[in-house]
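Notes for the one structure printed next.
What you see below is based on every heavy atom in this structure, not just the backbone, and it leaves out hydrogens, waters and symmetry mates. Just so it is clear: chains get the letters A, B, ... in the order the sequence lines come, proteins before strands, and each one is counted from 1.
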2 protein chains.
Amino acid sequence: MLGISKSTVSRALAGRSDIHPETKKKILDLASQLQYEPNTLAINLKQQKTNTIGVIVPETINRFFARAVGGIQKQADMAGMNVMICQSNESYIAEKKNLHSLMSSRVDGIIVSISTETDRSDQFASLTEKGIPLVFFDRVFEDIVASQVVTNNYEIAMEGTEHLIQQGCKRIAFVTGPEHLFNSRARLNGYLDALRKHNLQVKDSYIVHSHYRSDKVEEYTRYLLNLPQRPDAIFAINDYAALEMIHIMKKNGLRIPQDVAVLGFNNENLCRFVEPSLSSIDHPAHDIGASAAEMLINHIRHHDMKPEKRIIKSSLIIRESSRVQ
Amino acid sequence: MLGISKSTVSRALAGRSDIHPETKKKILDLASQLQYEPNTLAINLKQQKTNTIGVIVPETINRFFARAVGGIQKQADMAGMNVMICQSNESYIAEKKNLHSLMSSRVDGIIVSISTETDRSDQFASLTEKGIPLVFFDRVFEDIVASQVVTNNYEIAMEGTEHLIQQGCKRIAFVTGPEHLFNSRARLNGYLDALRKHNLQVKDSYIVHSHYRSDKVEEYTRYLLNLPQRPDAIFAINDYAALEMIHIMKKNGLRIPQDVAVLGFNNENLCRFVEPSLSSIDHPAHDIGASAAEMLINHIRHHDMKPEKRIIKSSLIIRESSRVQ
DNA sequence: CCCGATCCCGGGAACGGTCTCGGAAAAATA
DNA sequence: TATTTTTCCGAGACCGTTCCCGGGATCGGG
């Protein structure tokens, strides 16, 4: 329309300097008048990058991941990047499909928190081979060389367990995730070492490996309550599970925390509003996500960066459900 | 490598018929051997479509939207489409930015649930002009001609209110969303008509317009409790708000439901586990999302479809918090 | 044996931009 | 005035596909 070549138009729109100010103005004016929008697809194809980061999380129904995704999106926003979110629904094959779809969408990098089913890392190895930056958070692999953001699982599980011990509890049950998940194991070790440190007997029957879904809570609660030596404290896998366990125990006439002290995980809002208020581990989900995104963006921009491991500190929040005295 | 033109390769990979089976096999074999992945960017550019649907929701921290997004993703998955999720964080300008970014990503269609701040629809009107299919769910506009999926807000608010009336409550407070949101108004009207039907006085001081965030709950709870004629029932905006309100009222020595009956909204899992268990409105989030996605996909595939309005029924779940007798 | 139909396949434009390169005009310098 | 430098712009290749079109080979019918 202006009798100007597309090269010049491209220069104007990209805001480059080798163009006459007057020509630039004419182009920009006409562009805004026509409501011209550059075709991102074409740009991405030419540039061989999409300016978007892919995310695979187990499920955003889980508030921890919803908050982490929030952190990722905020960080991406600040960097002018887009985010593509996939849910594995805690399924290994769905996770694999997600990965494939993100790769075929040519995302510039991927952030992953693996599903409970996932017990091998080969599908991610091929990513690093292809030079696609990869960052894991919270649920990570030990053996893969990739950047990761985790919390101090071991220490906080130890701290939580010691807190219960200090309240006088001697038979502390521990509900954690699947054994093959690194952070489940780390938490378990923290729990075990706390018991040993205080010369308490470790009983395997007090240890429950569950997945993070809610449909097994009733089952393992009944199991724990029917044990010959009923636990006098429970360190739960998350707050919702803790809440349901408390509900079941109350129905069975048990008092919380006098008969059974309970410690949750994630420090959801509801902890403050239930009765008794729920002690929990504050897990800085938003920060974890933001940190992972920050690392990934660095990897994307500087392809020679070495893998890095960041540890973000959780903290113990003590409320009524674990205050025995 | 095979001495075959790219046209033929394209034919083989696209699975078209005008190709010799033997040639096709050779190509497919080599492709899988080389782990060849077609470049989606190029395909999208050529086809002028991306096979992805964009979603804008207020925030996935809100479990209603997390579940709705789950429904959308499931439906998209079945149709072989991708999903791009954006969060407006209940902000009008963020929503506008999301919309812009989705459009520049050239999504084939968009599903929206508007933010609390959004009180005009012009930014969406331009979408329909450009022929991009658009479906609203839950939080919708009345005035815009577009497909939408909503629940029977009016009827269910009426039913909930009548339930409270039948329990003998006479001073029923109603907490709902901003006035400019259609479903807030629909719910309010259901509430008002229920009162009128049973010849109860409508008092404006019992009606609270809030947003869906949690940080105002304490404020309006105190307001309601300090009213000269304290309400004897509260119909809350969602379950988390109801939980917090119950917590505050208990601290003030009020008994639930004898002194104040409480009815929540969304029927979260926790409703069953709190004390007293929480009556609520079951809001079929997953179905709403799935239904919206189904409609959008239809619109994408058959561009001549007329806008359609679907209503999905919520249901009243009565538990202890509203059973007075 | 000839001719039209059918079956495969290759050439090349197109999608909508970016970017390199070269060259003309204008400005600066000799 | 002649030469060099700078400023600005256009031509055209390119990203990786799809798809239209045209043409050669094979086949069948008359």
Side-chain angles (χ1 to χ4, degrees), chain A residues 1-52 80-82 100-108 130-132 300-301 303, chain B residues 1-52 80-82 100-108 130-132 300-301 303:
Chain A
M1 289 177 61
L2 257 35
I4 287 176
S5 81
K6 57 176 182 170
S7 313
T8 310
V9 175
S10 174
R11 263 185 280 260
L13 262 25
R16 245 164 318 172
S17 58
D18 56 341
I19 183 172
H20 195 87
E22 199 176 315
T23 322
K24 185 173 173 179
K25 186 173 184 318
K26 268 197 291 188
I27 293 173
L28 258 34
D29 284 353
L30 184 60
S32 76
Q33 184 194 324
L34 295 176
Q35 296 203 36
Y36 169 83
E37 291 278 342
N39 187 322
T40 315
L41 260 40
I43 296 176
N44 289 346
L45 175 62
K46 178 65 190 179
Q47 314 268 28
Q48 299 290 73
K49 63 172 188 176
T50 54
N51 221 29
T52 87
M81 299 195 75
N82 289 104
H100 190 264
S101 114
L102 286 180
M103 287 183 57
S104 81
S105 293
R106 295 290 201 277
V107 294
D108 295 341
K130 288 182 183 155
I132 301 176
I300 291 171
R301 300 212 169 135
H303 253 272
Chain B
M1 289 177 62
L2 257 36
I4 287 175
S5 82
K6 58 177 182 167
S7 311
T8 309
V9 175
S10 173
R11 263 186 281 260
L13 263 24
R16 243 162 319 167
S17 58
D18 55 342
I19 182 172
H20 195 86
E22 199 177 313
T23 322
K24 183 173 172 178
K25 186 172 183 317
K26 269 198 291 188
I27 294 172
L28 257 35
D29 284 353
L30 184 63
S32 75
Q33 185 194 322
L34 296 176
Q35 296 203 37
Y36 170 83
E37 291 278 344
N39 188 322
T40 315
L41 259 41
I43 297 176
N44 289 346
L45 175 61
K46 180 64 191 177
Q47 313 268 29
Q48 298 289 71
K49 62 173 188 177
T50 54
N51 221 32
T52 88
M81 300 195 74
N82 290 101
H100 191 264
S101 115
L102 287 179
M103 288 185 56
S104 81
S105 293
R106 293 295 201 273
V107 294
D108 295 341
K130 287 183 184 154
I132 300 175
I300 290 172
R301 298 210 171 137
H303 252 273

(request) Please say whether more than 12 non-hydrogen atoms of neighbouring residues, nucleotides or ligands are located less than 6.0 Å from NE2 in B:His20. (result) yes
(request) With a 4.0 Å heavy-atom cut-off, tell me which residues in residues 26-35 of chain B come close to DNA chain D, sorted by residue number. (result) none
Who passes side chain to side chain contact (heavy atoms under 4.5 Å, CB included) against [X], sequence neighbours left out?
X: A:Leu28; result: A:Ala12, A:Leu13, A:Lys24
X: A:Ala42; result: A:Asn39, B:Leu45
X: B:Ile300; result: B:Ile53, B:Met81, B:Asp108, B:Pro133, B:Leu296
X: B:Thr52; result: B:Thr50, B:Asn82, B:Val107

(request) Starting from P on C:dC7, measure out to CD on B:Glu22 and report it in whole angstrom. (result) 18 Å
(request) Not counting sequence neighbours, which residues clear salt bridge (charged side-chain N to carboxylate O under 4.0 Å, His left out) with B:Lys25? List them please. (result) B:Asp29
(request) Please round to the nearest 0.5 Å and tell me the distance separating atom CD1 of A:Ile19 and atom CD1 of A:Ile27. (result) 4.5 Å
(message) Using a 3.5 Å distance criterion without hydrogens, assess whether the side chain of A:Ser104 forms a donor-acceptor pair with backbone atoms of B:Thr40.
(response) no
(request) Could you run through nucleotides 12-24 of chain C and give me one letter per nucleotide, 5' to 3': B if any protein heavy atom sits under 4.0 Å from the base, S if only the sugar-phosphate is that close, - if neither? (result) BBBBBBBB-----
(message) For a 4.0 angstrom threshold against heavy atoms of chain A, report the outermost contacting nucleotides of DNA chain D in 5' to 3' order.
(response) D:dC8 to D:dG16
(request) With sequence neighbours excluded, give me every salt bridge (Lys or Arg N to Asp or Glu O under 4.0 Å) pair touching residues 34-49 of chain A. (result) none
(message) Within the 4.5 Å heavy-atom criterion, are B:Asn44 and B:Arg106 side-chain neighbours or not?
(response) no
(request) Would you please name every residue forming a side-chain hydrogen bond (donor to acceptor under 3.5 Å, both in side chains) with A:Ser105, sequence neighbours left out? (result) none
(message) At 10 degrees resolution, what angle do the end axes of the helix from C:dC1-D:dG30 to C:dA30-D:dT1 form when each is taken over five base pairs?
(response) 50°
(request) Please collect all side chain to side chain donor-acceptor pair (under 3.5 Å) contacts where either partner lies in residues 4-15 of chain A, sequence neighbours excluded, each pair once. (result) A:Ser5-A:Thr8
(request) Under 4.0 Å between any heavy atoms, over every strand shown, what does B:Thr23 touch: base, sugar-phosphate, or nothing? Just pick one. (result) sugar-phosphate
